[in-house]
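Below is one structure, written out as structure tokens; comments come after it.
Labels below follow one simple rule: chain letters A, B, ... track the order of the sequence lines, proteins then strands, and each chain is numbered from 1.
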Amino acid sequence: MLKIYNTLNNQKEEFQPIDANQVGIYVCGMTVYDLCHMGHARVMVMFDVITRHLRRNFPNVKYVRNITDIDDKIITRAIENNEDIYTLTNRFIDAMHEDEKSLGVLSPDIEPRATDSIDKMIDMIENLSKKGLAYQGKNGDVFYSVRNFKEYGKLSGKNLDDLMAGARVDIESNKKDPLDFVLWKKAKSDEPKWPSPWGDGRPGWHIECSAMSNHFISNHFDIHGGGMDLTFPHHENEIAQSEGANSCKFVNTWMHVGFVNVDDEKMSKSLKNFFTIRDVLKNYDGETLRYFLISSHYRSPLNYSKTNIDGAQSALKRLYNAINGLNNKVDDLTLIDTNFEERFNSALNDDFNTPMALSILFEIAKQINIERTNNPNKASALSIQLVELGNYLGILEYDADEYLKQGSELSESDISKKIEQREEARSSKDFAMSDQIRDELFELGIILEDSVNGTTWRRK
RNA sequence: GGCUGGGUAGCAAAGCGGUUAUGCAGGGGCCUGCAAAGCCUUUUAGACCGGUUCGACUCCGGUCCCAGCCUCCA
């Protein structure tokens, strides 16, 4: 039985889909004006793990993740670069897809772009106007009237008067209430624009997710997620829009992924303390990054540091070392210990507890290492299981030997030649020579390992 | 000020009212020509103060501290 922590009531609760044959999940995706950083990576990877698990447990899952391809930052950046917004956003959408691939993230079922759904947004704003929840300000912008939606604040646990008392409410004379937010923005002359009943303009940020989730999934669906910083105001506003327009419950379960921190501070573009996925991929392989991202629970903060990613790399290598050299072909499946799989599944069923799930992988690895000499069939069976469960999380996707050798600057044949030379030295008991060759290779990042089956090598 | 989370061993990170988390790192041993990998073993815990309980890291209350949101942000 799957339990998920729901931001709506700050509790773990049993997940019961509206329709067990068709689970709907919508995740707020990227605003594509720059490269994705590690914070984005965490959201992509976590919801990838979440949807993989949902797909294992329900016959059909519709996973929608939007692309915000129109907003102020995009317009500003396009002007800076002297290019049109589509040239800019297409470039960063491609980059995002490449990054996802590196991280082993499977594509969502639908990735709608905001600019393809402008008509849906206009319909929704019109609907809100009819219901007295939207009005046009003096400057021509259309605003949502927050005071007219009585449940405003239910997701984030805020109430309007506390927000009013806060110091950081912006003063916008065109609004009836400072907390009202923009649904439709009137275009300035040189900006991208679409026709609407309120004049040429573009949508506000929040309306796209309401319109697209309602259109591509339903007015009422199972799971809506995103980064924790979206809880307020973005998701709060989505609720106001969708429930205001449709007069029915919008989302059953709200999920929010914690931040990637740098020196215990949130990684963000405004703080300029961010590392792009590409930056990090220069020094680590994608699977190491993925391991790092799932090594803490999704709601906890995750500190980005070299030490922590190095730790992830060592840990992942331990798993690959365990499966390395086993034939992965075993007829006797009764040798597989189903207890591991049960515990693995119940870890994920407990609000997607990936650290717990990973710890079971290490238990299997240990068992493989214990059995591999005296009971190779059992070890092979366990290694099949380890790979299978690892794949479930999107790791251990590579051939162990290839993975452990990757990134070597020396060619396979050069290394083999050195190993042969060393073998000759060893057989004539010239251990000084033998050790010298091993040390030379070590300096070049190659580790040699002698076993009864001969000498093998891997990357440091 | 309001609202969320959280404070676990050298580092990272979980579960759990009583019994080894797990990974990395460190010590000792086994294996090895020596290593590496691996196995065995071992050292470091639960911010603080009360309460409940036969027993609390785990439940309850309080104190202190940290992060996040309340402005665009994943």
Side-chain angles (χ1 to χ4, degrees), chain A residues 5 7 10 27-31 36-44 46-47 68 71-73 153 155-170 179 205 225-234 236 256-261 264-271 274 291-292 295-297 299-303 305 307-319 321-322 324-325 343 347 350 353-363 365-366 368-373 404 426 429-432 434-435 438-439 442 447-452 455-458 460:
Chain A
Y5 184 93
T7 310
N10 297 319
V27 172
C28 290
M30 261 50 79
T31 302
C36 292
H37 63 229
M38 289 296 287
H40 301 119
R42 188 175 193 196
V43 171
M44 298 195 279
M46 273 322 306
F47 280 104
T68 301
D71 101 315
D72 289 1
K73 282 177 180 162
L155 177 67
S156 52
K158 297 180 192 304
N159 76 63
L160 286 167
D161 297 319
D162 289 340
L163 287 167
M164 290 293 283
R168 292 155 90 183
V169 177
D170 91 85
L179 293 164
W205 174 39
M228 245 168 211
D229 44 2
L230 299 184
T231 310
F232 189 91
H234 183 56
E236 199 69 71
H256 293 98
V257 175
F259 300 127
V260 175
N261 291 163
D264 293 315
E265 269 194 326
K266 176 185 173 184
M267 180 182 290
S268 76
K269 296 213 168 149
S270 43
L271 286 170
F274 63 92
Y291 180 97
F292 167 68
S295 67
S296 79
H297 184 76
R299 285 187 285 111
S300 306
L302 175 61
N303 218 32
S305 72
T307 314
N308 291 350
I309 303 182
D310 284 344
Q313 190 168 51
S314 306
L316 186 56
K317 277 184 181 168
R318 176 169 163 84
L319 296 178
N321 270 326
N324 196 18
R343 289 166 56 217
D350 184 11
N353 192 336
T354 49
M356 184 75 223
L358 288 172
S359 79
I360 290 153
L361 263 38
F362 287 99
E363 287 185 37
K366 180 170 216 155
I368 291 170
N369 290 331
I370 290 170
E371 303 282 7
R372 72 187 302 147
T373 312
L404 293 167
R426 288 183 79 208
K429 307 259 186 221
D430 184 356
F431 294 122
S434 150
D435 290 351
R438 187 171 60 197
D439 291 346
F442 187 82
I447 293 171
L448 296 188
E449 296 184 348
D450 302 325
S451 78
V452 285
T455 300
T456 55
W457 68 274
R458 63 191 166 84
K460 212 193 295 183

ask   = Does the A:R372 side chain pair with the main chain of A:A322, one donor and one acceptor, at a distance under 3.5 Å?
value = yes

query = B:A12 P sits how many Å from A:Y291 OH, rounded?
reply = 15 Å

Pairing partner of B:U8 (Watson-Crick or G-U wobble, both distances under 3.5 Å) = none

Qualifying residues under salt bridge (Lys or Arg N to Asp or Glu O under 4.0 Å), relative to A:D430, sequence neighbours excluded = none

query = Touch check for A:M267, heavy atoms < 4.0 angstrom, all strands: base, sugar-phosphate only, or nothing?
reply = base

Scan nucleotides 5-9 of chain B against the protein and return all N/O pairs shorter than 3.5 Å with their distances rounded to 0.1 Å.
residue, atom, partner, partner atom, Å
B:G5, OP1, A:Y5, OH, 3.4

note = Taken to the nearest whole Å, CG/A:N308 to C1'/B:C24 is 10 Å

key: With A:H40 via ring pair (Phe, Tyr, Trp, His ring centres under 6.0 Å) - residues at least two apart   = A:H37

query = So what does A:G157 touch, heavy atoms closer than 4.0 Å: a base, only the sugar-phosphate, or nothing?
reply = sugar-phosphate

ask   = CE of A:M356 versus C1' of B:C16: gap in Å, rounded?
value = 10 Å

task = Could you check whether A:K269 gets within reach of a base, just the sugar-phosphate, or nothing at all, counting any heavy atom under 4.0 Å?
result = nothing

request  = Would you indicate what A:S305 reaches in the nucleic acid, counting non-hydrogen atoms under 4.0 angstrom: base, sugar-phosphate, or nothing?
outcome  = nothing

request  = Mind checking salt bridge (Lys or Arg N to Asp or Glu O under 4.0 Å) for A:D435 and listing every partner two or more places apart, or none if nothing turns up?
outcome  = A:R438

ask   = How would you label the contact of A:F431 with the nucleic acid (heavy atoms, under 4.0 Å): base, sugar-phosphate, or nothing?
value = base

message = From C-beta outward on A:F362, which listed nucleotide comes closest to its side chain: B:U22, B:G15, B:C34?
response = B:U22

inquiry  = Please report the distance separating the P of B:C3 from the corresponding atom of B:C11, rounded so that it comes out in whole Å.
reply    = 33 Å

Please tabulate the protein-to-nucleotide N/O contacts below 3.5 Å involving nucleotides 35-38 of chain B, giving atom names and distances.
residue, atom, partner, partner atom, Å
B:A35, N6, A:D450, O, 2.9
B:A35, N1, A:D450, N, 2.9
B:A35, N3, A:R438, NH1, 3.0
B:A36, O2', A:E449, OE2, 3.1
B:A36, O2', A:R458, NH2, 3.1
B:A37, O4', A:E449, OE2, 3.0
B:G38, OP1, A:R318, NH1, 3.4
B:G38, O3', A:N369, ND2, 3.1

note = Those residues at least two apart in sequence (or on a different chain) that pass side-chain hydrogen bond (donor to acceptor under 3.5 Å, both in side chains) with A:E265 are none

remark   = Atom CG of A:L319 and atom P of B:U22 are separated, to the nearest Å, by 14 Å

Sugar-phosphate, base or nothing in reach of A:V260, heavy atoms under 4.0 Å = base

task = Pick base, sugar-phosphate or nothing for A:G153, based on heavy-atom distances below 4.0 Å to the nucleic acid.
result = nothing

ask   = Which residues satisfy the side-chain hydrogen bond (donor to acceptor under 3.5 Å, both in side chains) test with A:N303, sequence neighbours excluded?
value = none

query = In chain order, what residues pass the side-chain hydrogen bond (donor to acceptor under 3.5 Å, both in side chains) check against A:T456, with sequence neighbours excluded?
reply = none

query = Using atom C1' of each nucleotide, how far apart are B:U43 and B:G26 to the nearest Å?
reply = 8 Å

note = When rounded to whole Å, the CG to P distance for the pair A:L179 and B:G2 reads 18 Å

request  = Under the side-chain hydrogen bond (donor to acceptor under 3.5 Å, both in side chains) rule, collect the residues that match up with A:H297, sequence neighbours excluded.
outcome  = A:D351

note = Paired to B:C3 by Watson-Crick or G-U wobble criteria (both distances under 3.5 Å) is B:G68

message = Quick one, A:L155 with A:F232, criterion side-chain contact (heavy atoms from CB on, under 4.5 Å). Give me CA distance, side-chain angles, the key distance, then yes/no.
response = CA-CA 8 Å; A:L155 177 67; A:F232 189 91; over 6 Å; no

query = Between the base of B:C72 and the side chain of A:K73, is there any donor-acceptor pair under 3.5 Å?
reply = yes

request  = For A:F442, look at atom CZ and say whether over 12 heavy atoms of other residues, nucleotides or ligands are found less than 6.0 Å away.
outcome  = no

request  = Tell me what A:S268 touches on the nucleic acid: a base, only sugar-phosphate, or nothing, going by heavy atoms under 4.0 Å.
outcome  = base

query = For A:F259 and A:G311, take the nucleotide of RNA chain B holding the closest heavy atom to each; which residue's nucleotide lies nearer the 5' end?
reply = A:G311

task = In whole angstrom, give the distance that lies between atom CD of A:E236 and atom C1' of B:C69.
result = 11 Å

inquiry  = Salt bridge check, A:R343 against A:E363: does any charged N sit closer than 4.0 Å to a carboxylate O?
reply    = yes

inquiry  = Both A:R42 and A:H297 contact RNA chain B. Taking the nearest nucleotide for each, which residue is further toward the 5' end?
reply    = A:H297

request  = Could you work out which one of B:A14, B:C72, B:G33 sits closest to the side chain of A:D435?
outcome  = B:G33

Watson-Crick or G-U wobble mate for B:A13, both contacts under 3.5 Å = none

query = Which whole-number value in Å describes the distance from A:L271 CG to B:C72 C1'?
reply = 12 Å

Separation of atom CG in A:D229 from atom C1' in B:U4, rounded to whole Å = 13 Å

